[in-house]
Amino acid sequence: MFKLWATIIKDIRILTRDKVGILLMFGMPILLVIIVTSIQNSTFQLIDKNKISLLIANRDTGKISKEFIQSIDKIGMFKLVPLPKNESNATVMARVKGKDALLALIIPNDFSEKMDGKAKIIAGKALNTFGLESNKTDPKSGDVGPITLYYQPILQESFRRSIQGAIYSALQLIESKQILKNLYFSINEKPLPARLENELLDNKITINEIPVSKNGSRSNPNASQHNVPAWTLFAMFFVVISLGGSMVREKLSGSFIRLKTLPTNYMVALISKQITYLAVTMLQAAVIFAIGIWLFPLIHLPALNLPVDVFGLIIVSLTCGWCAVSYAICIGVFAHTPEQANGFGAVSIVILAAIGGLMVPSFAMPQSFALVMKLSPMHWCLEAYYGLFLEGGTLNDVLINIIPLLLITICLQALSIAGLKMKNLI
Amino acid sequence: MKLSAVNISDLTFSYPAQPVPILSKFNLEIAKGERFGLFGPNGAGKTTLMNLMTGLLILETGSIQLLDVKINNHRKLANKLFGYVPQDFSFYQELSPAENLEFFGAWYGLSRQQIKLRTNELLTVLGLEDVRNKPVEKFSGGMKRRVNLAIGVMHNPALLFLDEPTVGVDVQTRFAIIDYLKQLNENGTTLIYTSHQLSEAEGLCERIALIDDGKIIVNDNLDALLVKHKQIGLEGLFLNLTGKNYRDV
């Protein structure tokens, strides 16, 4: 036991004197978690809280186009900026290019007239269907010309689609309103009463958004709940730079030659490294979680809420940490130079993170990645963390993720021991 | 009859890439308490022999017995018997001499108390007391050599293998190291020494073996060999027996 203790003390001393290693293991992930959470949080706010500026050039003088603009405003997603009627397309484009706003909408000058024409045609057809007579309307009068939407190319496809959907819904509302007005007028020969118009068109059914959590909690997951666990894992697996490199340096240095001539098995060194670096991964998790809980609110980021099952969180963190350490040791056993360990270690962690769902959500990945994803230990780690942080689960709920993670860890340990035996080191 | 410290019999060893054995049917006996020198040109097989005796290489055929333990069967038991001072600095440069001795002492199987006593003793004897807590990476070559030696003798071994223990050091450090090795030998430690510093070897070794092409050319008392081959020093004897051609081309 004293041999193991002395080895742990030796490893801690070497680790604490490696300033660059400490910076890589703690400084870089902390910076990463703050930056990524800030960026993602502002994206969430762009959609959820901040209104998107929308330039509107209304070249139409009719009533319907004004109602259309009011409908867009009612959606609550946009901050409308009216432009002069005579503003040319080129000037509007220049404004978007100059980032006055991300979007600009041009309503053509015959919009109201054409929309009214279209409503009359549809209302007439409806009356005919009911066996009633309608006024004759020129079918061509209902060809509503397109409205034009200019946008900044930096807008992502999914975001653009949601904007388009919102504008379509405003358009649909106006169209329905016009048809209804025409129908009512044709049947009753008087205008649709304002009260009825509001009841028929504005009485929308609300949508209740409820996150389906395991513990029944209804709190909405924020950017911190998403990012802190993910980048904590990234930090844990990044011990490969320090641990893998130190194992190779030890193998190449004279100290390893002496270790081989001593009456102690190298397994003691291997166990010591696992204990020391497991403690490092736990410390990383504690520091990053603490930053999420206490520092984030001070820098206007949403605070991290710890899961209800704190014991489950400790067990998941220990399992993830052990897997990260086992991966680093495996790299250290098989790499021949520190450059190989650091290069392969760092690149492989980024790849494992990418296929594991840390960078792109796993549900957004192609079907063909389903198997590959399951081979990444970071996938199981992330699923276990998300089960606790986002879904409000307990240890029991995430056992299904911990078991494959332990299997991967055992495989990595077996591979490392086989490598050491093959190299006659144990 | 003197007891054997090392007894090698019928030892054959070849590296995987080389079909011709570097050592073939090799036999050597070193008596307990001797100061024994192992010399030879580059590629002669002396490093291979040293690595086989210290367990760094695994035996193929033949046997090596250190004191009363055959290393073929009891590698870890045999490792308790000897100390090894390799040519390369074999310690953790980030640690201080005291921290290195604490770690290696534990791996030799010493207790906390033994480590404390032995660390104080060795750091004083080898003139490292004032720098006991400074990281070794900041030391001069001579100081590092002394740390290397201190770790090798931490557990008071009965047998000490020394591979170029004074390479790259100044005269004062060389003198101090050789003097300390003689003290160890007087206290009963058998020394097995290899080096290219032949003048230094003359002052340390009582008996020498010259190896070339994996075979022992001579193995006798140094003085007797010099008389027999009409040489005044080890360097002359070495060149006389192994020739003047380059060996590592």
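All chains are named by letter (A, B, ...) in the order of the sequence lines, taking the proteins before the strands, and each is independently numbered beginning at 1.
- Remark: side-chain polar atoms of B/S90 are not paired, donor with acceptor, to backbone N or O of A/S255 under 3.5 angstrom.
- Counting non-hydrogen atoms of neighbouring residues, nucleotides and ligands closer than 6.0 angstrom, the NZ atom of B/K116 reaches no more than 12 such neighbours.
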Worked verdict on A/K10 versus B/F104 for side chain to side chain contact (heavy atoms under 4.5 Å, CB included): CA-CA 10 Å; A/K10 181 264 294 178; B/F104 284 108; over 6 Å; no
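- Scanning all heavy atoms of the two residues, the minimum distance from B/S96 to A/R17 falls at N-NH1, 4.2 Å.
- A/F26 CZ: more than 12 foreign heavy atoms inside a 6.0 Å radius.
- Taking CG of B/L95 as the start and CD1 of A/I14 as the end, the distance is 4.5 Å to the nearest 0.5 Å.
- Comparing A/L259, A/T7, A/L262 by how many heavy-atom pairs each has under 4.5 Å with chain B, the most go to A/L262.
- Highest contact tally toward chain A, considering only B/V85, B/I151, B/I115, B/N100, is held by B/I151 [criterion: heavy-atom pairs under 4.5 Å].
- Between A/K3 and B/G109, the shortest heavy-atom distance links the atoms CE-CA, 4.0 Å.
- Between B/E94 and A/R13 there is no salt bridge, since no side-chain N of the basic residue sits under 4.0 Å from a carboxylate O of the acidic one.
- More than 12 non-hydrogen atoms from other residues, nucleotides or ligands lie less than 6.0 angstrom from CG of B/N187.
- With contacts defined as side-chain heavy-atom distances shorter than 4.5 Å, the pair B/F82/A/T261 qualifies.
- If you tally non-hydrogen atom pairs under 4.5 Å between each of B/R112, B/K80, B/E102 and chain A, the highest count goes to B/R112.
- Within the 4.5 angstrom heavy-atom criterion, no atom of B/N51 approaches chain A.
- Both the sub-6.0 Å distance and the 45° axial angle are not jointly satisfied by A/R258 relative to the ring of B/Y84.
- Across A/F2 and B/L110, no two heavy atoms sit closer than the pair CE2-O, 3.5 Å.
- Considering every non-hydrogen atom in both B/W107 and A/N265, the closest pair reads CH2-O, 3.8 Å.
- Within the 4.5 Å cutoff, no side-chain heavy atoms of A/I9 are placed close to those of B/F103.
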